[in-house]
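One structure is given below, encoded as structure tokens.
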Amino acid sequence: MPKQKYTLTSYEPVYAVCPEVRIPEELIRKQAVRWLELNCAKPGEQAKLTDAWISKRSEDFNTAEEVLIFIRYNMYKDNREAQELSDQDYVCRELAARLVEELPADLVEESIYAANMRLEDAISRSGKNMQEFCKEHGMTLDELYTNTEERAIQSLKEDSALDAWADHAGYTLEPEDFYAVIPGENIQDKAEKRRQIELDGRLPQMEEYALKTKALRDVMANAMIKRRDTDAEWVRYGDVSQEVTSAMNQYPDSYIAL
């Protein structure tokens with residue numbers, strides 16, 4: 001059976017509003033207290049996030065606000081991966097809206113079935129049953145399955161849209177493209193695994209995944225994004241990726257507002 005071919009209504013850059021991934025201020029304050037305990041408090045002493053306590057014990061900070069800015073900066077810096085994944089979700093959702101073809105019914109059914117199986121297996125391995133999981137998350141069993149079905153279909157649409165983008169671009173794959181989908185500690189490790197995969201005859205099975213990953217990279221690099229609907233200008237993701245994915249650089253007010 002020939003592979004389903006997909007097309008998009010447009011192959012122009014995607015425009016998407018990608019909100020900043022915010023860390024709850026409560027967690028930042030807890031981390032600040034923990035940092036003070038490790039770096040400023042005497043053994044057995046309880047750290048206090050107050051100006052008076054900090055000014056007497058810290059060589060670097062004089063106020064609680066200064067400590068919070070420092071902690072907030074580092075937590076958001078470490079949060080970059082979560083921001084990038086969130087950005088991909090918003091951009092890919094906009095890309096999927098351009099999909100021309102309807103998804104084959106049998107493919108949708110298979111995808112939903114697989115998603116439900118993964119869900120049930122994950123819940124079972126956590127030591128809970130479905131009813132306990134639903135109660136813990138404040139939803140009914142029908143709502144749980146409905147949400148899982150919607151996510152499975154959306155994921156399938158996004159996957160198909162990336163397939164359409166890759167087909168339109170006519171990509172060819174280089175060894176480096178496989179490194180993006182082969183886990184490893186470094187390039188040498190990835191290269192060795194790639195050689196083994198090729199010797200095992202499994203490389204063709206990875207080509208479709210590698211093509212879609214290459215498409216995702218290009219879609220993201222050329223995407224035009226905003227953090228807020230009210231922002232005056234769109235920013236090309238690939239041109240200023242450091243600034244785009246850094247909450248500290250884009251919104252310094254986030255680092256001084258309690």
>> Are Y15 and L162 connected into the same hydrophobic cluster when the rule is that any two of I, L, V, M, F, W, Y join if their side-chain heavy atoms are below 4.5 Å apart?
In response: no
>> Give me the atom names and distance for the closest heavy-atom approach of W53 to A47.
In response: CZ2-CA, 3.6 Å
>> Quick check: is M139 connected to Y145 through a chain of hydrophobic side chains (ILVMFWY, heavy atoms under 4.5 Å apart)?
In response: yes
> Cluster partners of Y90, using ILVMFWY side-chain heavy atoms under 4.5 angstrom, listed by chain and number?
Replying inline: none
>> Checking L144 against I123 for the side chain to side chain contact (heavy atoms under 4.5 Å, CB included) test, could you report, in this order, the C-alpha distance in whole Å, the side-chain angles of both residues, the deciding distance, and whether it holds?
In response: CA-CA 12 Å; L144 176 61; I123 292 175; 4.2 Å; yes
>> Does this structure show an ion pair linking E45 with R57, if we count only N-O contacts that are shorter than 4.0 Å?
In response: yes
> Around atom NZ of K157, are there more than 12 heavy atoms of other residues, nucleotides or ligands at under 6.0 Å?
Replying inline: no
> Just how far is it from atom CG of N39 to atom OG of S58, taken to the nearest 0.5 Å?
Replying inline: 8.5 Å
>> Quick check for you: to the nearest 0.5 Å, what is the distance between D159 atom CG and L216 atom CG?
In response: 10.5 Å
> ring pair (Phe, Tyr, Trp, His ring centres under 6.0 Å) with F61: which residues, sequence neighbours excluded?
Replying inline: W35, F70
> If every non-hydrogen atom of D189 is compared with every non-hydrogen atom of G184, which pair is closest and at what distance?
Replying inline: OD2-CA, 3.3 Å
> Which distance, rounded to the nearest 0.5 Å, do you find between the CD1 of I112 and the CD1 of I153?
Replying inline: 4.0 Å
>> Quick one, V14 and M224 - any side-chain contact, counting heavy atoms below 4.5 Å?
In response: no
> Rounded to the nearest 0.5 Å, how far does CZ of R98 lie from OG of S10?
Replying inline: 4.0 Å
> What's the verdict on salt bridge (Lys or Arg N to Asp or Glu O under 4.0 Å) for E25 and R72, showing C-alpha distance, side-chain angles and the deciding distance?
Replying inline: CA-CA 9 Å; E25 195 67 22; R72 199 177 288 118; 2.3 Å; yes
>> Nearest 0.5 Å, please: how far is NZ in K5 from CD in E101?
In response: 10.5 Å
> Hey, are the side chains of C18 and K226 touching, using non-hydrogen atoms and a 4.5 Å cut-off?
Replying inline: no
>> Test your reading of the model: is there a side-chain donor-acceptor pair from E158 to the backbone of A96, 3.5 Å cut-off?
In response: no
>> I'd like to know whether I54 forms a side chain to side chain contact (heavy atoms under 4.5 Å, CB included) with C40, so could you lay out the CA-CA distance, the side-chain angles of the two residues, the decisive distance to 0.1 Å, and finally the verdict.
In response: CA-CA 8 Å; I54 292 167; C40 301; over 6 Å; no
>> Using a 3.5 Å distance criterion without hydrogens, assess whether the side chain of S55 forms a donor-acceptor pair with backbone atoms of D51.
In response: yes
>> Do the side chains of R227 and D231 get close enough for a salt bridge, i.e. N-O under 4.0 angstrom?
In response: no
> Does any donor atom in the side chain of N116 or E120 lie under 3.5 Å from an acceptor atom in the other side chain?
Replying inline: no
>> What verdict does the side chain to side chain contact (heavy atoms under 4.5 Å, CB included) test give for W234 and V17, after you've listed the backbone C-alpha separation in whole Å, the side-chain angles of each residue and the deciding distance to 0.1 Å?
In response: CA-CA 9 Å; W234 295 91; V17 177; 4.3 Å; yes
>> Check E192 with R195, please: is the shortest side-chain N to carboxylate O separation under 4.0 Å?
In response: yes
> Within the distance-only criterion (no hydrogens, no angle test), does the side chain of S155 pair as donor or acceptor with the backbone N or O of R151 below 3.5 angstrom?
Replying inline: no
> Mind checking what makes ring pair (Phe, Tyr, Trp, His ring centres under 6.0 Å) contact with Y209, not counting sequence neighbours?
Replying inline: none
>> Holding to side-chain contact (heavy atoms from CB on, under 4.5 Å), I want the full list of residues that pass it with I197, two or more places apart in sequence or in another chain.
In response: I182, R202, L203, M206
> Any idea which heavy atoms bring Q83 and P19 closest together, and the distance?
Replying inline: NE2-O, 3.2 Å
>> Checking one residue: L85. Which other hydrophobic residues are in its cluster under the side-chain 4.5 Å linking rule?
In response: none
>> Let me confirm one number: the OG1-CG distance from T140 to N147, rounded to the nearest 0.5 Å.
In response: 8.5 Å
> NZ of K48: more than 12 outside heavy atoms within 6.0 angstrom?
Replying inline: no
>> Between L8 and L95, is the side chain to side chain contact (heavy atoms under 4.5 Å, CB included) condition met? List the steps.
In response: CA-CA 8 Å; L8 303 176; L95 182 70; 3.8 Å; yes
> For A82, does its backbone N or O pair with a side-chain atom of S86 as donor and acceptor, under 3.5 Å?
Replying inline: no
>> Please determine whether a side-chain nitrogen of the Lys or Arg among D121 and R125 lies less than 4.0 Å from a carboxylate oxygen of the Asp or Glu.
In response: yes
> Between Q154 and E150, do the side chains contain an N or O donor and an N or O acceptor separated by less than 3.5 Å?
Replying inline: no
>> Check this for me: R34, atom CZ, are more than 12 non-hydrogen atoms of other residues, nucleotides or ligands nearer than 6.0 Å?
In response: no
Please output the side-chain donor-acceptor pairs of residues 168-181 that fall under 3.5 Å, not counting sequence neighbours, one pair per line with the distance.
{"unit_1": "Y171", "atom_1": "OH", "unit_2": "W165", "atom_2": "NE1", "d": "3.4"}
{"unit_1": "Y171", "atom_1": "OH", "unit_2": "D218", "atom_2": "OD2", "d": "2.7"}
{"unit_1": "D177", "atom_1": "OD2", "unit_2": "E174", "atom_2": "N", "d": "2.8"}
{"unit_1": "D177", "atom_1": "OD2", "unit_2": "K214", "atom_2": "NZ", "d": "3.2"}

>> Would you say CD of E136 has more than 12 non-hydrogen atoms from neighbouring residues, nucleotides or ligands within 6.0 angstrom?
In response: yes
>> Out of the candidates R29, K30, R22, only one should pair with E26 under the salt bridge (charged side-chain N to carboxylate O under 4.0 Å, His left out) rule; please name it.
In response: K30
> So do L99 and T9 actually touch side chain to side chain, heavy atoms under 4.5 Å?
Replying inline: no
> Do the non-hydrogen side-chain atoms of E132 and K135 ever get within less than 4.5 Å of each other?
Replying inline: no
> Going through the checks in order, is the side-chain hydrogen bond (donor to acceptor under 3.5 Å, both in side chains) test met by Y237 and D87?
Replying inline: CA-CA 10 Å; Y237 203 81; D87 295 340; 2.7 Å; yes
